[in-house]
Enquirer: 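This is the structure I want to talk about, given as structure tokens.
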Amino acid sequence: VSGEQAIGDGKDPLSAEHLRSIIGFALGGALIIYVASVVQVWGDWPRVAAIAVVCVTAMMFNWGVTASLIPRVGVERAEDLRIIPNIIAMVGTGIATHWSVIALLFLPFSAALVHGLHTRRPTIRLAVTIGSTAIVAFVDGADPLLLAGMLGLTAFWHVVAIGKIDFARSILSERQRNLTELATAHKELIAAQQHSIANEKLASIGMLASGIAHEINNPMSFITANVKALLQDLRDEPLLSKVMAEYRADVIPSTMDGIRRVNAIVDDLRRFARGEPETAVPFDLATELNAAVRIARSQLRSGQVLHADFKQPSPALCGMPRQISQVALNLIVNAIQASPDDGEVFVSAGSSNGEAVFRVRDNGSGIAPDVLERLFTPFVTTKAAGMGTGLGLAVAHGMVKAHGGRIVVSSDVGAGTMFEVFLPASLA
Amino acid sequence: MPVHVLLVDDEPQILAALKRLLLRRGYDVSTAPNAEKALVLLETLVPDVVVSDFKMPGLNGAQLLAEVSKAVPTARQVLLSGYAEVAGAQFGGAFLRKPWDDAELLSVCALGALP
């Protein structure tokens with residue numbers, strides 16, 4: 001009985017530790033039989049000596065197999081080899097005691113504990129061990145009736161032992177399965193909790209952003225109107241001083257440009273908060289995606305390729321088509337910008353579990369895990385200062401959410417990123 | 001007779017900007033800083049167009065325009081707001097977003113000249 005290695009592929013729940021705990025019993029049981037045999041032949045010293053030699057040799061060999069042979073040749077081969085000393089031990093003890101009841105007890109004892117019940121072919125090993133021992137015993141003049149009884153007992157015992165092992169294995173594997181299920185449930189719970197925290201955070205940022213946007217928007221509305229009027233008036237003025245002419249040509253136009261930028265940001269912030277209120281209409285996903293792809297092509301650098309595949313049907317949708325094409329455009333342009341000069345961007349649409357889905361995939365630089373966590377938070381950007389406000393994905397998130405949908409991102413740093421947008425099919 | 005426009009907004013600078021725009025185009029303009037003051041004005045005044053902000057202390061723009069429908073049924077109504085979501089509100093007028101486009105605002109006010 002032994003095992004540093006569990007059976008087969010290592011998934012056996014009956015681990016080496018479980019089995020090691022019965023080694024003590026095995027050795028103890030064998031020792032009792034040897035001692036009883038010695039007592040039986042007490043006074044006949046050559047026989048006592050023979051039993052002692054067999055006992056020590058067999059035990060040392062059994063112990064040695066456990067300790068050193070298994071790591072080297074594997075548990076199956078070691079168990080095969082262990083048959084030999086055990087046959088010699090049983091035959092030796094049998095001959096020394098004239099095949100007494102005590103010596104023959106080794107047969108059922110073997111069935112109960114030894115021969116690697118946890119390995120693949122315990123029954124064959126037991127048959128070989130017991131068979132050869134029985135043949136020698138029969139030839140050597142053992143009581144046939146006693147021998148037959150012991151063989152019957154051995155077979156019975158073996159069946160019981162195998163059954164016990166299987167029972168233990170089934171209980172343990174069920175426990176293992178329960179633990180796995182529990183761990184999975186726990187993981188899912190944590191993921192759901194993190195998701196809801198992230199959503200809550202985005203919602204509160206949305207409210208804050210929306211409030212700030214409205215506060216900025218009000219003064220911006222008259223600033224815009226006044227500066228526009230000023231520029232118009234300066235243009236209508238035929239005679240301007242050199243300084244005022246410079247204002248007309250340069251200062252006020254660049255001020256207007258700044259105003260437009262502020263207004264665009266405020267606009268984005270408001271859309272992130274609530275999504276633009278348009279009336280929901282039925283629309284075709286492929287049509288909107290095609291529009292986005294057409295516009296996005298202008299952003300491709302030479303060497304970059306944009307693949308669009310909308311052949312797969314997707315469910316009918318109802319919502320705000322302009323928002324969906326804006327989300328798609330945003331994702332595609334991001335993918336193009338993240339791609340290398342010879343990069344490829346794939347856009348496809350289809351259906352998944354009754355929902356419409358479109359995917360934008362690139363083989364660009366990927367998104368670092370710390371950025372991935374905050375991807376939909378406003379003003380999170382990896383683009384250079386002035387190249388992006390970090391509002392695009394925040395707005396996209398707001399719009400997709402307004403449609404009852406969700407955005408799923410998977411990214412491998414160095415390998416690329418895939419955005420999947422799921423949109424529930426319209427009820428109509 | 002020039003078209004008469006009543007402007008209602010709690011932000012004086014917005015009133016000033018709108019007023020300047022419309023006066024230059026030959027409109028008659030009255031202003032009120034909130035809905036309640038506007039309703040007082042409407043007891044004596046019959047504007048062709050009412051342009052109102054949405055979010056104001058007291059009655060909001062939509063509520064004011066509902067009152068305008070009763071007091072001056074002939075007046076064209078314009079809601080001017082940064083709150084895009086009020087666009088869906090049920091009322092019989094036009095909706096313009098802040099910041100407004102001058103040309104768009106003028107074209108809506110020009111409708112006030114129609115009978």
Side-chain angles (χ1 to χ4, degrees), chain A residues 206-207 209-237 252 255-281 319-320 322-323 326 395 398-399 401-403, chain B residues 5 7-27 29 31-35 51-58 60-62 78-91 93-109:
Chain A
M207 280 173 62
S210 156
I212 293 172
H214 281 110
E215 288 310 313
I216 296 174
N217 192 55
N218 233 14
M220 279 314 290
S221 67
F222 64 79
I223 290 173
T224 309
N226 292 351
V227 176
K228 255 191 200 168
L230 173 62
L231 183 60
Q232 195 52 53
D233 289 349
L234 285 177
R235 279 176 181 159
D236 293 344
E237 204 68 36
I252 306 297
T255 306
M256 272 313 298
D257 185 54
I259 287 172
R260 269 191 288 272
R261 273 162 57 185
V262 173
N263 286 342
I265 293 173
V266 168
D267 215 37
D268 275 351
L269 276 176
R270 285 189 305 195
R271 271 180 294 187
F272 161 67
R274 275 171 238 264
E276 216 168 4
E278 282 176 56
T279 324
V281 291
M320 289 142 277
R322 274 193 305 156
Q323 291 191 5
Q326 196 185 330
V395 171
M399 287 175 168
K401 234 185 134 194
H403 281 78
Chain B
V5 181
L7 302 170
V8 190
D9 201 308
D10 59 332
E11 173 71 63
Q13 301 292 355
I14 287 175
L15 287 180
L18 290 171
K19 190 174 172 180
R20 196 158 42 235
L21 172 72
L22 291 170
L23 283 178
R24 284 186 183 197
R25 303 294 169 126
Y27 289 88
V29 178
T31 61
N34 58 47
V51 178
S52 175
D53 183 23
F54 177 72
K55 200 182 158 206
M56 295 181 289
N60 69 34
V78 182
L79 199 53
L80 182 64
S81 174
Y83 287 85
E85 47 278 25
V86 301
Q90 293 292 317
F91 80 103
F95 175 80
L96 291 181
R97 268 184 84 166
K98 284 180 184 173
W100 62 89
D101 178 53
D102 285 356
E104 208 181 344
L105 183 79
L106 287 169
S107 69
V108 172
C109 287

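Here is the naming used below: chain letters follow the sequence lines, and residue numbers restart at 1 for every chain. Note that this is a predicted model, so its numbers are computed, not measured.
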Enquirer: Which one of B/Pro99, B/Ala16, B/Ala17 has the most heavy-atom pairs closer than 4.5 Å to chain A?
Expert: B/Pro99

Enquirer: Identify which part of B/Gln13 has an atom lying under 4.5 Å from any heavy atom of chain A, answering side chain, backbone, both or neither.
Expert: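 Both backbone and side chain.
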
Enquirer: Hey, mind stepping through B/Val51 and B/Leu96 against side-chain contact (heavy atoms from CB on, under 4.5 Å) and telling me if it holds?
Expert: CA-CA 9 Å; B/Val51 178; B/Leu96 291 181; over 6 Å; no

Enquirer: Exactly one of A/Ile259, A/Asn218, A/Thr255, A/Ile216 should register a side chain to side chain contact (heavy atoms under 4.5 Å, CB included) with A/Ile223. Which one does?
Expert: A/Ile259

Enquirer: Any heavy-atom pair between the side chains of A/Gln326 and A/Val395 that's under 4.5 Å?
Expert: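 Result yes, sub-4.5 Å side-chain heavy-atom pair found.
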
Enquirer: At their closest point, which heavy atom of B/Trp100 faces which heavy atom of A/Lys228, and how far apart are they?
Expert: O-NZ, 4.4 Å

Enquirer: Does any heavy atom of chain B fall under 4.5 Å from the side chain of A/Asn263, the backbone, both, or neither of them?
Expert: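 Answer is side chain: those atoms of A/Asn263 sit under 4.5 Å from chain B.
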
